[in-house]
Amino acid sequence: MKKVILTLSIIIIAGLFFACQKNETESTIQSKTFEINSSNSAVWKYFSFAMDDTINIADPTLSTEWDIAFQRYRIITNGGESGIGLGSAANTFQKGQTGFDAIKFVSDTLNFVNDDSLTIAVQQGYSTFVVNPVLYTWFSMEQASQGTQIVPSNYIYIVRTATGKYAKVWFKSYYSATNVSGYITMQYTYQPDGSKNLE
């Protein structure tokens with residue numbers, strides 16, 4: 001009888017342990033939304049998916065603490081010409097909330113691209129910047145009655161973090177609630193366990 005009770009106790013404890021582990025995993029990869037104030041054209045804002053926040057970095061070129069950074073509409077990842085990390089990005093070519101929800105894992109067929117120099121049209125003509133070429137497709141510039149507007153492409157991207165983990169990201173807006181430019185809102189799901197599972 002004691003053996004039966006002991007066996008049942010072990011089964012119950014093991015069940016509770018795995019149930020807790022599952023709940024913890026599920027809670028860590030929920031979709032989140034974050035607005036980044038990247039309105040200063042002279043300052044990069046560095047973001048960590050693990051921290052779910054912008055962070056201050058003494059020397060971004062020598063740090064793997066940040067994953068993605070913003071300066072106005074320009075975006076870099078921590079890799080290639082921008083940092084020492086494993087950062088890069090790929091376009092899934094899925095769009096909007098439907099596309100975001102449809103992406104449940106990182107496909108092996110995706111083409112991840114590192115940061116590189118890109119010649120970009122600016123008000124004064126053309127200038128060369130280091131950006132992530134894939135993430136530079138997150139928007140288009142369109143003429144409106146109030147001037148040139150940044151309009152999101154609504155593509156869903158997979159960002160490889162500085163430490164080689166993954167997040168799916170949707171850049172949804174370039175304007176704050178009061179219509180101030182340089183406030184990028186992104187929706188993302190980050191997988192902290194290093195797997196390609198995004199649900």
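Every heavy atom of this structure was used, including side-chain atoms; hydrogens, water molecules and symmetry mates were not.
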Quiz item: Given the rule in the side-chain contact (heavy atoms from CB on, under 4.5 Å) test, do Val159 and Phe47 qualify, once you have shown the distances and angles that lead to the verdict?
Solution: CA-CA 12 Å; Val159 173; Phe47 184 86; over 6 Å; no
Practice problem: Under the side-chain contact (heavy atoms from CB on, under 4.5 Å) rule, what do Trp66 and Ile55 come out as? Steps first, then yes or no, please. | Solution: CA-CA 7 Å; Trp66 66 278; Ile55 56 175; 4.2 Å; yes
Practice problem: Quick one: do Leu135 and Phe70 satisfy side-chain contact (heavy atoms from CB on, under 4.5 Å)? Show the steps, please. | Solution: CA-CA 11 Å; Leu135 296 183; Phe70 303 81; over 6 Å; no
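Proximity of Leu198 to Ile158: side-chain heavy atoms (C-beta onward) are separated by under 4.5 Å at one or more points. In this structure, the side chains of Thr64 and Ile84 come closer than 4.5 Å at one or more pairs of heavy atoms. Lys168 is not listed as a side-chain neighbour of Tyr190, based on a closest heavy-atom distance of 4.5 Å or more. Residues Gln71 and Val43 are not in side-chain contact: their nearest non-hydrogen atoms beyond the backbone lie 4.5 Å or more apart. In this structure the side chain of Ser39 reaches within 4.5 angstrom of the side chain of Arg72, judged on heavy atoms. Tyr46 places a side-chain heavy atom less than 4.5 Å from the side chain of Pro60. When side chains are defined from C-beta on, Val130 does not count as touching Asp116, because their heavy atoms never get closer than 4.5 Å. Side-chain contact between Phe49 and Val169 is present, with heavy atoms from C-beta onward closer than 4.5 Å.
Geometrically, Lys196 does not engage Phe105 in a cation-pi contact defined by less than 6.0 Å to the ring centre and at most 45° from the axis.
Connection of Val113 to Ile68 is established within a shared hydrophobic cluster, with ILVMFWY side chains joined at heavy-atom distances below 4.5 Å, either directly or through further cluster members. Note on Met186 and Ile150: same hydrophobic cluster, where clusters join Ile, Leu, Val, Met, Phe, Trp and Tyr whose side-chain heavy atoms are under 4.5 Å apart, directly or indirectly. By the criterion of side-chain heavy atoms lying less than 4.5 angstrom apart, applied directly or through intervening Ile, Leu, Val, Met, Phe, Trp or Tyr residues, Ile103 is grouped together with Phe112 in one hydrophobic cluster. Side-chain heavy atoms closer than 4.5 Å link hydrophobic residues (I, L, V, M, F, W, Y) into clusters, and following such links, even through other members, never connects Trp170 to Val134. Side-chain heavy atoms closer than 4.5 Å link hydrophobic residues (I, L, V, M, F, W, Y) into clusters, and following such links, even through other members, never connects Met141 to Val180.
The OG atom of Ser181 sits 8.5 Å away from the CD atom of Gln149 when rounded to the nearest 0.5 Å. One distance of note links NZ of Lys172 with CD1 of Ile184; it measures 14.0 Å at 0.5 Å rounding. Between the CG atom of Asn132 and the OG1 atom of Thr137 there is a distance of 8.5 Å, given to the nearest 0.5 Å. Distance check, rounded to the nearest 0.5 Å: OG of Ser140 to CG of Asn154 gives 10.0 Å. In this structure, the separation between CD on Glu81 and OG on Ser117 is 4.0 Å, given to the nearest 0.5 Å. To the nearest 0.5 Å, atoms NZ (Lys45) and CD1 (Ile75) are separated by 14.0 Å.
No option in Tyr183, Trp138, Phe139, Tyr175 other than Phe139 meets the ring-ring contact (aromatic ring centres under 6.0 Å, His included) test with Tyr73. Exactly one residue among Phe100, Tyr188, Phe93 makes a side chain to side chain contact (heavy atoms under 4.5 Å, CB included) with Ile156. That residue is Phe100. Evaluated for a side chain to side chain contact (heavy atoms under 4.5 Å, CB included) with Thr77, the options Asp67, Asp115, Asn114 yield exactly one hit, Asp115.
Between the side chains of Arg160 and Ser88, a donor-acceptor pair is found at a separation under 3.5 Å. Side-chain atoms of Tyr155 and Asn91 include no donor-acceptor pair closer than 3.5 Å. Between the side chains of Ser195 and Asn197, no donor-acceptor pair is found at a separation under 3.5 Å. Between the side chains of Ser38 and Arg74, not a single donor N or O lies within less than 3.5 Å of an accepting N or O. Residues Gln187 and Ser31 bring a donor and an acceptor atom of their side chains to less than 3.5 Å of each other. Counting only N and O atoms by type, the side chains of Thr189 and Gln30 include no donor and acceptor under 3.5 Å apart.
Under a cut-off of 6.0 angstrom, the local environment of CZ in Phe34 is crowded, with over 12 non-hydrogen atoms contributed by other residues, nucleotides or ligands.
For Thr109 against Ser107, the heavy-atom pair with the smallest separation is OG1-OG, 2.7 Å. Residues Trp44 and Ala69 share a closest heavy-atom pair of CZ3-O, 3.6 Å.
Between Tyr157 and Phe171, the ring planes are tilted. Angles from 30° to 60° get that label.
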